[in-house]
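What follows is a single structure, written as structure tokens, with notes after it.
Treat the numbers as computed from the prediction; the structure is a model and nothing was measured. When a ligand or atom number is given, it counts from 1 through the structure's own listing order.
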Amino acid sequence: MPNPLYDALFARHADQDTPFLHLPDGSTMTHGQFIDTASRYANALTSKGLAPGDRVAVQVGKSPDALALYAACVQAGLVFLPLNPAYTPAEVEYFVFDASASLLICDPGSIGDLVDVAANNQAELETMDITGRGTLRDLAAEHGHRFATAERTENDLAAILYTSGTTGRSKGAMLSQKNLLSNAEALTKAWQFSKTDVLLHALPIFHTHGLFVATNVMLLSGGAMVFLPKLDADQLIRFMPRATTLMGVPTFYTRLLAHDDFTACLTAHMRLFISGSAPLLADTHTEFEERTGHRILERYGMTETNMNTSNPYDGPRRAGTVGLPLPGIEVKVCDPETGETLPDGDIGVVEVRGPNVFQGYWRMPEKTAAELRADGFFITGDLGVMDDQGYLSIVGRGKDLIISGGYNIYPKEIELLLDDQPGVMESAVIGAPHADLGEAPVGVLVAQPDAALDIEAINTALAGKLARFKCPRALVVIDELPRNAMGKVQKNLLRAQYADVFAL
Ligand code: MCA
Ligand code: AMP
């Protein structure tokens, strides 16, 4: 049965004894073993009554089995819905409810918190721990490794990835098989990946960067990955001799540079270092080149679009820019009011069109219409400028968004919770520069008349509701929020005022 994404990424590796995942314990999983594992999971999932198009929410730690679940969903025509393990039960409940997920797979340690979430939403519940063990693996073990691949077209959904929204309500970006496959093809070619490549993989696999950019490119090229549970600079250094390439968010590069053992000698054999998900400071780029002789290749993308632009593999990699549009993808910088394309050198909103652009937001037609134009251009909300050679620079954000260590944090979501805390009259959340994470959230609070704010209690209340990475790393109290004539909070003034809050 045709299934374009499965056929291109997975089917051709069946029975191959070439290495796919090198694990930190020294073991290796071959391509063939990975495909067999995935097919057992596909059998397990369908034995639970799941049918093509059903959503499978997955909140588990990084492991080969967790990655095989992605392949299993593609093979069975299910819609993969990966979730950050840091999300609280309340956050998970929203995703399971909104997506009408048929199945939730979670860590066994979260069962107590999530059993009601699943039951309230008529979802089945299975477990998988960070080693891959759990009820789902037990079920998969009862099945063979042959599975009749579900028929899919390139327009069918492969995944829904949630991105937070400016209103505080997360939106599910619907990604078709074609969205994912076209981008994997473009990136594999642009970055010249081949089966001789070994990628150091230390990114999470619940976001576009670690899941689609990294994994899909390696599957398409037939290469291997050193599959590490998370970023640990010691581990990156230990395994670098086995690798040819690294993909990371800017924090990967600043942490490597802070390590004394990170030397030119260690990286001499490396073919390529790629950065994205957040701005790479030009200083980091320069320092990296001075230390290693390698020029980091920076690219730019979004959950809704996969990757849009990239600095060239052959050709000038310009620090501070995100490079040129990828082949087949149109990128323009537009006037935010009129939507007209602006001349080179003018700052405007970046819009993109191509086979990479998503199918819209799950069950949110108004939000889709607001961001996806009828002519197919997606309004990214990023502010950019194009130079006369077609290189794009991201110079800011039209949307109120904080990017901390590559994770997106929408201030509105935190402000709504802060405003509910005893004694708080109003709040504003801003991003302040942070040496390790690029930026991190700061909550600015105004107390009700005569109220004394209990900062510790507020921090505790937030920690119960929000994933830790979203919790403000500093809470400050001021008399009133600066506002413009229209009454809008002037966050730029707050950002300037608290620019040094993490430097002290
Ligand atoms: C962890 N913590 C964070 C972050 N990560 N706080 C703010 N921002 C973060 N990014 C908190 C934890 O909650 C914990 O808090 C404490 O820091 C230590 O946690 P740990 O797990 O040890 O953190 P870490 O190992 O230092 O992780 C930092 C990291 C990681 C390496 C930057 O967050 C990471 O791998 N980020 C990559 C994210 C990513 O893949 N983004 C791509 C999105 P406490 O101590 O209070 O409990 S896709 C995308 O953006 C588009 C499509 C694109 O272009 O790629
Ligand atoms: P997400 O919603 O997690 O997919 O994050 C996408 C956002 O990350 C984009 O809209 C940009 O604001 C930002 N981003 C990704 N790559 C880069 C980059 N290389 N430079 C600056 N911002 C980036």
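Around atom 30 (C) of ligand 1, the closest heavy atom drawn from Gly405, Gly248, Gly276, Ala86 belongs to Gly405. Closest heavy-atom approach to atom 24 (P) of ligand 1 among the candidates Arg255, Met307, Lys470: Arg255.
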Step by step, would you call Leu246 with Leu236 a side-chain contact (heavy atoms from CB on, under 4.5 Å)?
CA-CA 9 Å; Leu246 171 69; Leu236 285 190; 4.2 Å; yes
When you look at Asp98 and Arg169, which way does the salt bridge (Lys or Arg N to Asp or Glu O under 4.0 Å) test go after all the steps?
CA-CA 10 Å; Asp98 189 68; Arg169 213 178 137 215; 3.7 Å; yes
So Tyr391 and Met386, side-chain contact (heavy atoms from CB on, under 4.5 Å) or not? Walk me through it.
CA-CA 6 Å; Tyr391 281 71; Met386 192 84 86; over 6 Å; no
side-chain contact (heavy atoms from CB on, under 4.5 Å) assessment of Val56 paired with Ile105:
CA-CA 8 Å; Val56 178; Ile105 306 166; 3.8 Å; yes
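Protein non-hydrogen atoms do reach within 4.0 Å of atom 49 (C) of ligand 1. Under the 4.0 angstrom criterion, atom 19 (O) of ligand 1 counts as lacking any protein heavy-atom contact. Counting protein heavy atoms under 4.0 angstrom from atom 1 (C) of ligand 1 gives zero.
For the atom pair CG (Leu257) and OG1 (Thr292), the distance works out to 8.0 Å, reported to the nearest 0.5 Å.
For Phe95 and Tyr87, the ring centers sit closer than 6.0 Å to each other. Annotation: Phe10 is in aromatic contact with Tyr70 [ring centroid separation under 6.0 Å].
Of all the heavy atoms of Arg473, the ones lying under 4.0 Å from any atom of ligand 1 belong exclusively to the side chain.
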Extract all N/O-N/O pairs under 3.5 Å that connect ligand 2 to the protein, and present each with both atom names and the distance rounded to 0.1 Å.
unit_1: ligand 2; atom_1: 2 (O); unit_2: Asn408; atom_2: ND2; d: 2.6
unit_1: ligand 2; atom_1: 3 (O); unit_2: Asn408; atom_2: ND2; d: 3.0
unit_1: ligand 2; atom_1: 4 (O); unit_2: Thr303; atom_2: N; d: 2.6
unit_1: ligand 2; atom_1: 4 (O); unit_2: Thr303; atom_2: OG1; d: 2.6
unit_1: ligand 2; atom_1: 5 (O); unit_2: Asn408; atom_2: ND2; d: 3.0
unit_1: ligand 2; atom_1: 8 (O); unit_2: Ser277; atom_2: O; d: 3.4
unit_1: ligand 2; atom_1: 10 (O); unit_2: Asp382; atom_2: OD1; d: 3.3
unit_1: ligand 2; atom_1: 10 (O); unit_2: Asp382; atom_2: OD2; d: 2.6
unit_1: ligand 2; atom_1: 10 (O); unit_2: Lys399; atom_2: NZ; d: 2.8
unit_1: ligand 2; atom_1: 12 (O); unit_2: Asp382; atom_2: OD1; d: 2.6
unit_1: ligand 2; atom_1: 12 (O); unit_2: Asp382; atom_2: OD2; d: 3.4
unit_1: ligand 2; atom_1: 16 (N); unit_2: Ser277; atom_2: N; d: 3.1
unit_1: ligand 2; atom_1: 19 (N); unit_2: Glu298; atom_2: OE2; d: 2.9
unit_1: ligand 2; atom_1: 19 (N); unit_2: Arg299; atom_2: O; d: 2.7
unit_1: ligand 2; atom_1: 20 (N); unit_2: Glu298; atom_2: OE2; d: 3.4

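Annotation for Gly360 and Thr368: closest pair CA-CG2, 3.5 Å, computed over non-hydrogen atoms.
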